[in-house]
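Just so we're on the same page: letters track the sequence lines, and every chain starts at 1. All values reported here derive from a predicted model rather than from experimental measurement.
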2 protein chains.
Amino acid sequence: MGAAKETLGEEQPWAEVSPDAARRLLIAAVEAFAERGYHATTTRDIAGRAGMSPAALYIHYKTKEELLHRISRLGHDKALDILRSAADGEGTPAERLSAAVRSFVRWHAGHHTTARVVQYELDALSDEHRTEIVALRRQSDAAVREIINDGVRAGEFDVPDVPGTTLAVLSLCIDVARWFNVEGRRTPDEVGATYADLVLRMVGAVPPGGAAPQR
Amino acid sequence: MGAAKETLGEEQPWAEVSPDAARRLLIAAVEAFAERGYHATTTRDIAGRAGMSPAALYIHYKTKEELLHRISRLGHDKALDILRSAADGEGTPAERLSAAVRSFVRWHAGHHTTARVVQYELDALSDEHRTEIVALRRQSDAAVREIINDGVRAGEFDVPDVPGTTLAVLSLCIDVARWFNVEGRRTPDEVGATYADLVLRMVGAVPPGGAAPQR
DNA sequence: CGCTTGCCTAAGCGCTTGCTCACCCTCAGG
DNA sequence: CCTGAGGGTGAGCAAGCGCTTAGGCAAGCG
């Protein structure tokens with residue numbers, strides 16, 4: 001149910017970044033940051049991956065930190081968007097929570113390089129940029145908490161500690177970006193389904209029909 | 001002069017590191033790595049925090065990476081120890097799983113600076129050291145999986161995907177190190193209790209008595 | 001054609017990094 | 001007293017860092 005009418009996985013995930021050279025640099029930076037971390041990545045490495053000279057980077061971005069901020073901002077926007085559209089969707093709280101977790105996890109697994117940068121490199125941002133991003137994260141938290149509160153009010157969920165459970169649910173989903181490996185046995189879809197099931201158990205909503213994804 | 005080795009009344013977490021100067025350097029490194037990350041930390045910063053000159057570091061450690069390795073090794077040993085003693089303890093699978101999660105989470109919250117370094121700076125290790133650490137992590141995974149398998153065999157747990165659930169449980173616990181804040185509202189004990197409850201729900205074992213920790 | 005504009009590079013500046021080296025201080029054993 | 005070893009320091013090296021600068025080249029336009 002719920003007919004996940006999903007805007008198809010963007011074939012060009014960074015279509016909003018232009019011109020072309022700026023996008024190539026940003027994609028190269030995502031890869032490099034995800035592999036080695038922000039501080040261990042050099043501007044020469046980023047430029048090299050994009051097939052450019054080190055100086056080319058500074059035509060499109062003022063600093064290396066601005067690159068990280070752009071990535072972080074776009075990624076958080078996307079993540080929040082995913083959560084919001086599930087939270088504001090139709091259906092019972094259980095259905096909405098399940099959909100939110102499934103799509104949120106699918107994104108973290110499918111775009112785990114981006115997600116890794118977005119979720120684990122916050123410390124490298126400037127104070128100003130970090131507070132901007134933290135505000136977005138609080139909105140993500142609010143979106144999930146709202147679904148859980150709805151479920152509790154409707155008597156569908158049994159949750160003694162709503163803020164704590166909200167935190168745990170988001171934490172569980174976010175950490176997917178850390179361990180997910182493309183060469184592993186699980187597809188993003190499978191992980192999403194498994195996690196949606198686990199989260200429904202956490203809030204005391206029995207998964208429908210016991211139809212748990214088996215393998 | 002005054003007693004150089006003063007008992008602080010709290011546990012001495014790095015008692016196994018000697019001599020004294022080496023321990024002070026290690027503690028300084030844990031703080032710095034946890035705050036800024038390995039790559040953003042300079043050897044001068046570590047030495048400075050320990051009240052020494054930059055060169056002093058190299059009397060006790062061959063490289064900066066060796067410091068990280070020592071921290072990571074000791075931390076993983078401790079974490080594995082905690083999980084093992086819960087897994088090998090007595091009681092029903094639900095009791096053992098609950099105890100394992102509670103103590104594991106309590107450690108990650110209470111020693112969140114150390115845990116942050118231990119859990120999130122693996123990439124900075126040399127290939128050799130990283131494979132050594134990864135082997136320890138696989139043992140942690142095995143310890144948790146064993147409890148869950150016991151519960152399934154005993155008919156106490158309802159777990160469709162044991163490896164997936166094991167991964168999720170560990171992931172949930174580990175991520176505590178990322179978000180836990182000393183100035184937050186929760187104590188390590190409270191988080192441990194909340195999480196133990198959540199994990200029992202995840203494996204389909206009804207939490208005992210419904211005595212869930214309230215805010 | 002000359003001139004501007006946008007994108008890019010080669011070279012390199014100033015600084016910081018991990019790490020080393022020559023030397024010093026303290027103290028136990030003879 | 002001397003000696004030698006272990007723990008410490010100030011100064012600094014080579015390499016690598018983020019970033020800048022001067023200039024090149026192609027395209028659009030009078």
Side-chain angles (χ1 to χ4, degrees), chain A residues 14 17-72 117 121 123-130, chain B residues 1-5 14 16-72 117 121 123-130:
Chain A
W14 300 106
V17 181
S18 74
D20 188 71
R23 179 170 52 246
R24 269 158 49 218
L25 282 164
L26 190 135
I27 292 170
V30 169
E31 285 171 13
F33 292 163
E35 247 173 57
R36 309 206 226 290
Y38 175 81
H39 288 292
T41 299
T42 70
T43 54
R44 279 162 241 258
D45 182 20
I46 297 169
R49 286 176 193 242
M52 294 167 163
S53 78
L57 197 154
Y58 294 90
I59 295 163
H60 301 281
Y61 302 95
K62 271 211 295 278
T63 63
K64 180 179 151 188
E65 192 266 350
E66 189 193 314
L67 244 177
L68 176 64
H69 173 239
R70 281 267 232 284
I71 294 166
S72 198
V117 179
E121 300 287 350
D123 298 343
L125 290 170
S126 71
D127 285 349
E128 204 177 338
H129 286 159
R130 189 173 38 248
Chain B
M1 288 316 241
K5 201 168 4 176
W14 301 107
E16 59 268 68
V17 181
S18 75
D20 188 71
R23 179 170 51 246
R24 269 160 48 220
L25 283 164
L26 190 135
I27 291 169
V30 168
E31 285 171 13
F33 291 163
E35 246 174 58
R36 308 207 227 291
Y38 175 80
H39 287 293
T41 300
T42 70
T43 55
R44 276 162 245 257
D45 182 21
I46 297 169
R49 285 176 193 244
M52 295 170 162
S53 77
L57 197 153
Y58 294 90
I59 295 163
H60 300 283
Y61 302 95
K62 270 211 297 278
T63 63
K64 180 179 151 189
E65 192 268 348
E66 189 193 314
L67 244 177
L68 176 63
H69 174 238
R70 282 268 230 284
I71 294 167
S72 198
V117 179
E121 301 287 351
D123 298 344
L125 290 170
S126 70
D127 286 349
E128 204 176 338
H129 287 160
R130 189 172 41 246

Q | From CE (Met52(A)) to NE2 (His60(A)), nearest 0.5 Å | A | 5.0 Å
Q: Can you tell me the pairing partner of dG28(D) across any strand shown, Watson-Crick or G-U wobble, with both distances under 3.5 angstrom?
A: dC3(C)
Q: For the pair Glu121(A) (side chain) and Val117(A) (backbone), establish whether a donor and an acceptor sit closer than 3.5 Å, ignoring hydrogens and angles.
A: no
Q. So do the side chains of Ser72(B) and Arg130(B) get within less than 4.5 Å of each other, counting heavy atoms only?
A. no
Q | Members of residues 50-65 of chain B that approach DNA chain C, where some heavy atom sits under 4.0 Å away | A | Ala55(B), Tyr58(B), Thr63(B), Lys64(B)
(Q) Need two values: the first and the last nucleotide of DNA chain C, 5' to 3', having an atom under 4.0 Å from any heavy-atom of chain A. (A) dC8(C) to dG12(C)
Q) dG7(D) P sits how many Å from Arg24(B) CZ, rounded? A) 13 Å
Q) Got a second to check how far Leu67(B)'s CG is from Tyr58(B)'s OH, nearest 0.5 Å? A) 9.0 Å
Q) Does Arg44(B) reach the main-chain N or O of Pro54(B) with its side chain, forming a donor-acceptor pair under 3.5 Å? A) no
Side-chain polar contacts of residues 29-38 of chain A - donor-acceptor pairs under 3.5 angstrom, sequence neighbours left out - could you list them?
unit_1   : atom_1 : unit_2   : atom_2 : d
Glu35(A) : OE1    : Arg49(A) : NH2    : 3.1
Arg36(A) : NH2    : Asp45(A) : OD2    : 2.9
Tyr38(A) : OH     : Glu65(A) : N      : 3.2

Q. So which of Leu26(B), Ile27(B), Leu25(B) actually passes side chain to side chain contact (heavy atoms under 4.5 Å, CB included) with Arg23(B)?
A. Ile27(B)
Q. Within the distance-only criterion (no hydrogens, no angle test), does the side chain of Lys64(A) pair as donor or acceptor with the backbone N or O of Leu57(A) below 3.5 angstrom?
A. no
